[in-house]
Amino acid sequence: MKMVSKQDLKSILGQIPLTAEAYWYLRQPGKPVTPEFTLDRLEASIPEWRTQIVASKVYTSGSHSAGFPPKNIFIFATLRYWLEHATLLGMALAGLGHTVSLAYLPYARWQEPIDAFNLRRQNVYTENVLAKASPLLNVVPLMSQSKVSHLPAELQQAVELVSLRDTQYTLQVEQVSLESDLYQLRYERNLAAAGAALSYLETHKPDVIILPNGTI
């Protein structure tokens with residue numbers, strides 16, 4: 001009988017709904033999945049930021065900042081350090097009277113693949129950390145959103161271009177192969193992100209979109 005490797009088992013379980021999420025809640029509740037994707041610093045900071053914001057005069061009075069009307073703001077971030085930045089920015093904007101949705105993708109590295117089982121565990125871990133910012137932030141796990149079936153031609157071209165730029169940036173060269181594993185990885189992730197984001201934005205129609213890191 002052929003033994004199934006641990007990685008093969010993760011690949012199988014990663015395709016079964018709720019298995020990765022159940023594993024995290026039962027075996028790793030509140031804990032990061034891997035050392036390279038740890039939000040401990042953010043998790044420790046959110047309660048202090050939240051306390052300061054909800055106690056501020058602007059927030060408690062229900063007024064908005066500097067006479068500007070409140071906006072419905074959508075922020076997107078991925079990778080640990082951009083999540084830290086976007087969370088603080090979003091909470092600050094919420095404290096000024098705006099309605100803020102923070103969408104994220106739970107990747108630790110933009111240039112390396114990750115199996116679906118670990119990615120889904122990182123997704124629920126991230127959501128659990130960001131939920132501590134409630135009610136200041138509406139947390140949007142982008143990989144859990146439904147996707148449009150076909151992108152408009154202009155957006156499809158943008159996905160292809162940004163995937164090329166991602167590959168050039170990573171390799172630090174201008175001439176890259178569109179058949180390379182790296183380009184295909186960037187293309188697949190960008191395509192999925194664009195499809196999910198478009199579906200969400202068409203429904204919720206924010207006034208402002210903020211991308212702390214506009215490409216990767």
Side-chain angles (χ1 to χ4, degrees), residues 2-46 75-87 90 101-134 137-148 159 162-163 166-167 169-171 179-200 211-213 215-216:
K2 182 179 180 180
M3 299 295 291
V4 178
S5 69
K6 183 177 181 180
Q7 188 58 48
D8 288 340
L9 181 60
K10 282 185 176 182
S11 298
I12 295 170
L13 293 176
Q15 306 306 317
I16 303 175
L18 301 180
T19 52
E21 293 78 5
Y23 183 92
W24 184 82
Y25 277 113
L26 292 173
R27 299 292 301 273
Q28 300 170 290
K31 297 180 181 179
V33 177
T34 62
E36 66 179 0
F37 192 77
T38 299
L39 300 175
D40 289 353
R41 185 169 63 176
L42 178 60
E43 186 172 19
S45 299
I46 286 177
I75 304 176
F76 168 75
T78 187
L79 308 179
R80 174 188 53 77
Y81 36 87
W82 287 115
L83 277 169
E84 293 175 351
H85 174 86
T87 301
S101 296
L102 175 59
Y104 72 89
L105 287 172
Y107 291 108
R109 296 181 180 274
W110 74 84
Q111 75 278 44
E112 295 180 6
I114 179 174
D115 62 78
F117 186 77
N118 282 337
L119 182 62
R120 284 168 48 195
R121 284 194 294 156
Q122 288 184 180
N123 186 57
V124 69
Y125 162 64
T126 305
E127 185 177 11
N128 184 264
V129 171
L130 296 179
K132 300 180 187 304
S134 177
L137 296 181
N138 171 40
V139 179
V140 181
L142 207 58
M143 64 172 286
S144 303
Q145 299 296 307
S146 60
K147 301 176 179 62
V148 297
V159 167
V162 78
S163 301
D166 288 350
T167 307
Y169 169 81
T170 303
L171 300 177
E179 304 300 323
S180 68
D181 291 341
L182 178 58
Y183 176 85
Q184 293 300 318
L185 173 66
R186 295 306 314 153
Y187 175 75
E188 289 172 7
R189 288 189 186 176
N190 289 332
L191 186 66
L198 181 60
S199 177
Y200 182 89
L211 304 176
N213 182 8
T215 55
I216 293 178

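From a predicted model like this one, the values you see are computed outputs, not experimental measurements.
- A donor-acceptor pair under 3.5 Å is formed between the side chain of T38 and the backbone N or O of P35.
- At a threshold of 4.5 Å between non-hydrogen side-chain atoms, the residues N123 and S144 count as touching.
- Side-chain atoms of D166 and Y183, non-hydrogen and from C-beta on, never get closer than 4.5 Å to each other.
- Using a distance-only test at 3.5 Å, with no hydrogens or angles considered, a donor-acceptor pair links the side chain of N190 to the main chain of R186.
- For the atom pair CG of N138 and CG of L102, the computed distance is 9.0 Å after rounding to the nearest 0.5 Å.
- The shortest distance between side-chain heavy atoms of Y104 and V140 does not fall below 4.5 Å.
- At most 12 non-hydrogen atoms from other residues, nucleotides or ligands lie less than 6.0 angstrom from CD of E179.
- Here the OG1-CG distance, from T167 to L171, works out to 6.5 Å after rounding to the nearest 0.5 Å.
- Side chain of T78 to main chain of L105: a donor-acceptor pair is present (N/O by atom type, distance under 3.5 Å, no hydrogens or angles).
- The salt bridge (Lys or Arg N to Asp or Glu O under 4.0 Å) check on R80 picks up E84, with sequence neighbours excluded.
- Taking OH of Y169 as the reference point, atom CD of Q111 lies at 9.5 Å (rounded to 0.5 Å).
- Aromatic ring pairs are classed by plane angle as parallel below 30°, tilted from 30° to 60° and perpendicular above 60°; the pair F117 and Y23 is perpendicular.
- Using a distance-only test at 3.5 Å, with no hydrogens or angles considered, a donor-acceptor pair links the side chain of Q122 to the main chain of P106.
- The structure places CD of E36 at 10.5 Å from CG of L79, a figure rounded to the nearest 0.5 Å.
- The shortest side-chain heavy-atom distance between L130 and T87 falls under the 4.5 Å cut-off.
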Y200 and S101: side chain to side chain contact (heavy atoms under 4.5 Å, CB included), yes or no, with the steps?
-> CA-CA 11 Å; Y200 182 89; S101 296; 3.4 Å; yes

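- Contacts of E127 classified as side chain to side chain donor-acceptor pair (under 3.5 Å), with partners at least two apart in sequence or in another chain: none.
- No donor-acceptor pair under 3.5 Å is formed between the side chain of Y107 and the backbone N or O of E112.
- Ring geometry for W82 versus H85: interplanar angle over 60°, hence perpendicular rather than tilted (30 to 60°).
- Counting all heavy atoms, side chain and backbone alike, L39 lies closest to Y125 at N-OH, 2.7 Å.
- I75 is not listed as a side-chain neighbour of L211, based on a closest heavy-atom distance of 4.5 Å or more.
- Here the closest non-hydrogen pair linking V148 and L198 is CG2-CD2, 3.9 Å.
- Formation of a donor-acceptor pair under 3.5 Å by the S163 side chain with backbone atoms of V159 is found in this model.
- For the atom pair NZ (K147) and OG (S199), the distance works out to 9.0 Å, reported to the nearest 0.5 Å.
- Summarising the local packing, CG of D40 is surrounded by more than 12 heavy atoms from other residues, nucleotides or ligands at distances under 6.0 Å.
- From W110, atom CH2 reaches atom CG of L182 across 10.0 Å, with rounding to the nearest 0.5 Å.
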